[in-house]
Amino acid sequence: MKKVATRFAPSPTGPLHIGGVRTALFNWLYSKNHNGKFFLRIEDTDKERSKEEFKLQILNSLKWIGVNHDGEEYIQSKNIESHIKIVNKLLENGNAYKCYCSSDEIEEQKLRAKQKKIPYIYNRKWRDKSETEAPQDIKPVIRFKSKIEGSTKINDLVQGDIKIENNTIEDFIILRRDGTPTYNLSAPVDDHIMGMTHIIRGDDHKINTFKQIQIYEALRWETPLFAHIPLIHTLEGKKLSKRDNASTIDDYEKIGIMPDALRNYLIRLGWSYKDKEIFSLEESIKYFNLEGIGKSPSKLDMSRILSMNEYYIKNKSNDDLFQSFEEYCKNFKENINNEKLNIIKKSLTFLKNKAKTMEDIYNNSKFIINDEIIIEKAEMSLLTENAKNIIKSFLKKVNEIEVFNKETLEPIINNLISENQTNFKGVGQPLRIILTGSKFGPGIYDIIISLGKKRVLDRLSKVG
RNA sequence: GGUCCCUUCGUCUAUCGGUUAGGACACAUGGUUUUCAUCCAUGAAAGAGGGGUUCGAUUCCCCUAGGGACCGCCA
């Protein structure tokens with residue numbers, strides 16, 4: 001049996017969204033599962049709209065989530081000449097023909113079909129006409145001579161058998177008036193040249209498949225196997241488009257979603273393996289298969305992404321997490337000096353406790369990062385005279401100890417509680433507000449210990 | 001309008017004719033906790049509708065409804 005080879009073939013006409021990333025991931029996983037190869041092909045034949053920045057964005061997105069392709073990326077535009085050769089061959093063999101219809105003529109037919117509410121299909125006017133009848137002033141396009149009789153069935157690895165009447169497939173254009181090949185010609189040609197065994201792509205390509213397999217057959221090439229996966233929908237139930245916000249990798253990266261978490265989320269979106277929810281990278285490769293892919297489209301669920309990310313944050317080692325955090329702050333927040341980074345590193349266990357994203361950890365760390373603590377009105381009003389007095393006694397007592405840890409701090413706080421006939425909140429809340437500016441946050445001992453004596457004294461003494 | 005596809009809790013899904021229809025996220029309640037969280041426990045929550053086939057259908061078939069994709073000299 002042939003070694004499995006898959007590919008992901010995005011066009012750089014817009015940023016790659018999360019649905020495309022999932023398609024790439026499925027292709028990659030499938031090839032890895034079969035010990036095969038995975039390739040990347042940039043379909044940049046639309047010169048008008050293809051942009052280098054989009055290509056870079058695509059490359060970065062795939063790299064970020066760990067979908068690495070074998071070999072160099074294949075640039076489709078570099079291969080146009082060989083595509084044209086194939087078109088000529090098709091022409092010579094009688095599988096294609098020149099169509100001299102003007103654009104206006106075609107447009108008019110489409111319009112008329114629309115008015116009559118009948119489906120438009122090219123009328124095959126030039127299919128059997130002889131060249132001698134060709135008008136001199138019109139450059140022809142080349143159309144593929146599509147089958148008219150009978151029906152075609154494909155055995156889709158995800159969708160099962162799909163049958164279609166051949167006469168619903170029109171004589172599609174394979175070479176434009178400007179002499180460049182179209183997608184439905186270039187894609188199968190490249191897939192053949194690249195030796196693809198499995199084409200795994202969005203099910204928006206389903207109908208194209210019936211065009212493309214005719215190309216394979218005309219050329220007597222072996223057809224690859226097809227698997228059309230359902231598209232990801234927005235919460236509104238529509239196809240994810242390039243214009244939907246919060247749908248590119250960059251958007252997730254910006255709020256501090258981690259690659260592993262998104263990979264895990266994406267693999268379980270429209271695919272399942274029993275009841276298993278968490279898949280390590282190795283497990284993803286080990287268990288991924290086409291049978292587990294559902295046939296219905298699934299919706300993107302942000303709360304699920306968040307909770308998956310939370311899981312990965314909690315289950316990563318502190319060292320790894322810290323490394324990711326440092327990187328994240330550098331790229332999306334600010335450069336934090338080493339002294340503060342060290343404090344954060346030591347405090348990660350409690351800083352990550354209530355975090356769903358890297359951004360949450362950053363926000364939780366603000367009392368360490370910021371030198372000036374800003375106390376809002378609402379919190380300020382909780383600092384009563386009584387509370388301030390408690391703080392003053394705390395300041396005095398804490399000034400006398402050198403080592404800050406739970407053993408040294410606990411007696412002080414307990415004393416204050418009984419001296420002032422209050423509860424823990426009576427002492428803890430003002431302390432927390434002054435030290436962090438917030439009513440909420442990590443445990444008060446954690447805060448004090450992580451800040452250290454100097455910072456604690458500084459902040460507390462500022463409160464009159 | 002034509003062609004093709006889809007339909008289990010709000011969401012992602014399990015079930016490959018016989019289950020009290022299971023899990024996860026989200027949600028609600030309770031408990032632990034020095035606040036918020038975490039954590040733990042509990043709860044509410046689903047087979048679109050109608051016909052068949054069958055001793056028995058969520059599962060197989062048909063119809064209806066709803067949803068989606070495609071219908072470019074874009075990919």
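Keep in mind the model is a prediction, meaning the values are calculated, not measured. Proteins come first, then strands; the chains are lettered A, B, ... in the order of their sequence lines, and each starts at number 1.
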Partner nucleotide, any strand, of C27(B) [Watson-Crick/G-U, under 3.5 Å]: G43(B)
Partner lookup for G1(B), please. Criteria are Watson-Crick or G-U wobble with both distances under 3.5 angstrom; report none if nothing qualifies. C71(B)
When rounded to the nearest Å, what value does the distance between [atom1] atoms of [N] and [M] take?
| N | M | atom1 | answer |
| --- | --- | --- | --- |
| G47(B) | A21(B) | P | 12 Å |
| C60(B) | U3(B) | C1' | 26 Å |
| C71(B) | C12(B) | P | 25 Å |
| U58(B) | G67(B) | P | 25 Å |
| U20(B) | U29(B) | P | 32 Å |
| G51(B) | A57(B) | C1' | 14 Å |
| U13(B) | C6(B) | P | 15 Å |
| A44(B) | A24(B) | P | 15 Å |

Aromatic contact, Phe26(A) with Phe288(A) (centres under 6.0 Å):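 Phe26(A) vs Phe288(A): aromatic centres under 6.0 Å.
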Among U3(B), C25(B), A37(B), which is the nearest nucleotide to the side chain of Ile207(A)?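 The closest nucleotide is U3(B).
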Of the listed A26(B), A37(B), U34(B), the closest approach to the Lys356(A) side chain comes from A26(B)
Check this one for me: any side-chain N or O of Ser298(A) less than 4.0 Å away from OP1 or OP2 of U13(B)? yes
For Ser324(A) and Lys316(A), does a side-chain donor sit closer than 3.5 Å to a side-chain acceptor?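 Yes, a side-chain donor-acceptor pair sits under 3.5 Å.
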Aromatic plane relationship, His192(A) with Trp221(A) - under 30° parallel, 30 to 60° tilted, over 60° perpendicular: parallel
Specify whether Phe325(A) and Phe322(A) have parallel, tilted or perpendicular ring planes, treating 30° as the upper limit for parallel and 60° as the lower limit for perpendicular. tilted
Grab the NZ-P distance between Lys352(A) and C39(B) for me, whole Å please.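 So the two atoms are 12 Å apart, to the nearest Å.
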